Amino acid sequence: MYAFDLISPKSLDKALEALAEEEAQVLAGGQTLIPTLKARLAAPATLVSLRAIPELRGVSMQEGRLCIGAMTTHATVADEARSHFPALADLAANIGDPAVRNRGTIGGSLANNDPSACYPSAVLATGATVITTQRSIQADDFFLGMFATDLEEGELIRAVEFPIPIAAHYEKFWQPASRFALTGVFVARFDDAVRVAVTGASEEGVFRWTAAERVLSKQFTAAAVNELGRPDVDMISDLHGSAAYRASLTQVLTARAVARLQE
Amino acid sequence: MQTITMTVNGRGVTATVEGRTLLVEYLREHLHLTGTHVGCDTSQCGACTVHVDGLSVKSCTIFVGELDGAEVRTIEDIENADGSLSPLQKAFQDHHGLQCGYCTPGMIMSLSALLRDNPKPTEAQIRHHLEGNICRCTGYANIVKAALAASGQLDRADAG
């Protein structure tokens, strides 16, 4: 490991102070950042760990919404969100592998906004709210493309608040080597609308498939999805799958998720 | 440099180290607990799996600076008090759950966490749990068999 300082402040105020310094970078679960440091793709002078700040951890219901602290691990979400929002618990239980789930955090995943990460699809499909140290950001405004979010320099995610859908399902097609989603679709059904968010597919990162949302809001069947054309989005093409394959997966996985919810 | 105090295999240890020191480096180079292996060093292979506060983690992807007060358990603490093999280790031996043995410490640490939380896992649960542990000898069939045997779920007729 090349030379840098690691500090673990015990309060959010101290963390923000430390992050205001030159070349300081925040460390959440580290399951992406530490391999990135080893590959010399990032070189901060100081890493500010959020691990010792208790207020950033925890899962609770607040006024009918599920509130998850930014530093809550995937394993804790898989466990503690299950009775409130089983589709989200299932998503968390299938990120990476058990050791990664014991360290990796929801806030880290959202701030990184990897185009193939699982969590962004759940946040976007439920219309969740990202609570930061400065403001509340609606999911529709938070994700700004591959590895890009609306977070400002020095702004940290404190928590995410999820409205609970009537029914929801995340259908993930695994990229088996990385265990990220080759493509994944989160379908969330609410009283007044259906929202469909797709990860692992678009060059622009996670996106809402609005054409599918429109037809599913009228007729919630897999057949309705299958009658649609494939999404008209600039798809990722790489050695794991062509753009056409990902477009096809988006449609197939959406139909599968809807079929699961019709059972 | 930071002064870090933790419990490693039941023993209190205090060291003044750079906070950026990786846990696996601390275990191997400072404490000479070389049973924990470095396979890929990129958090893919799971050879370096240890327990921190009872949870399995990849020690190549954790900084010691975050572990003040933590309880760490490594492969060296798995054997029985009298030095004989634990039931899980014995099952690996009986069912040829290792070939070169490089991945074995990580497999044992990962599976011991599973069996503690779920004493009778199904084969599918065992395989799902081992997704982060890679055996490059591809000895998975016997590793899964050893896990089934250690949880008392393998008929004697299937043994061997």
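Within every chain, numbering begins at 1; the chains are lettered A, B, ... in the order of the sequence lines, protein sequences first and strands thereafter. Side-chain atoms are counted along with the backbone in the values below, which use heavy atoms only and exclude waters and symmetry mates. Quick caveat, the model's predicted, so the values are computed rather than measured.
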Can you tell me which portion of [X] sits under 4.5 Å from chain A's heavy atoms? Options are side chain, backbone, both or neither.
X: B:E25; value: neither
X: B:L130; value: neither
X: B:S56; value: both
X: B:D68; value: neither
X: B:L55; value: both

> Backbone N or O of B:D41 within a donor-acceptor pair of the A:K38 side chain at under 3.5 Å?
Replying inline: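 Checked: pair present.
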
Between atom [atom1] of [X] and atom [atom2] of [Y], what is the distance when rounded to the nearest 0.5 Å?
X: A:I34; Y: B:S43; atom1: CD1; atom2: OG; answer: 8.5 Å
X: A:D5; Y: B:M1; atom1: CG; atom2: CE; answer: 11.5 Å
X: A:S8; Y: B:I4; atom1: OG; atom2: CD1; answer: 7.5 Å
X: B:S110; Y: A:D97; atom1: OG; atom2: CG; answer: 7.5 Å
X: A:I7; Y: B:R20; atom1: CD1; atom2: CZ; answer: 14.0 Å

>> Please classify the contact between A:A75 and chain B as side chain, backbone, both or neither, with a heavy-atom cut-off of under 4.5 Å.
In response: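 Neither the backbone nor the side chain of A:A75 comes within 4.5 Å of chain B.
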
> Given a strict heavy-atom distance threshold of 4.5 Å, which part of A:L33 is in contact with chain B: side chain, backbone, both, or neither?
Replying inline: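 A:L33 has no heavy atom closer than 4.5 Å to chain B.
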
> Is A:Q262 atom CD crowded by more than 12 heavy atoms from other residues, nucleotides or ligands, each under 6.0 Å away?
Replying inline: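 Result for CD/A:Q262: enclosed.
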
> Of all of B:L22, B:T42, B:T49, which one pairs up most often with chain A through heavy atoms under 4.5 Å apart?
Replying inline: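 The answer is B:L22.
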
>> Counting heavy-atom pairs under 4.5 Å with chain A, which one of B:Q44, B:Q2, B:E18, B:H128 comes out on top?
In response: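 Option with the greatest count: B:H128.
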
>> Between A:W174 and B:E131, does the side-chain contact (heavy atoms from CB on, under 4.5 Å) criterion hold? Intermediate values first, please.
In response: CA-CA 12 Å; A:W174 296 70; B:E131 271 164 9; 4.1 Å; yes

>> One pair to check against side-chain contact (heavy atoms from CB on, under 4.5 Å): B:T61 and A:Q31. What are the steps and the verdict?
In response: CA-CA 7 Å; B:T61 311; A:Q31 301 303 288; 3.5 Å; yes

> Can you tell which of A:L50, A:L6, A:L47 makes a side-chain contact (heavy atoms from CB on, under 4.5 Å) with B:E66?
Replying inline: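 It is A:L6; the other options fail the test.
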
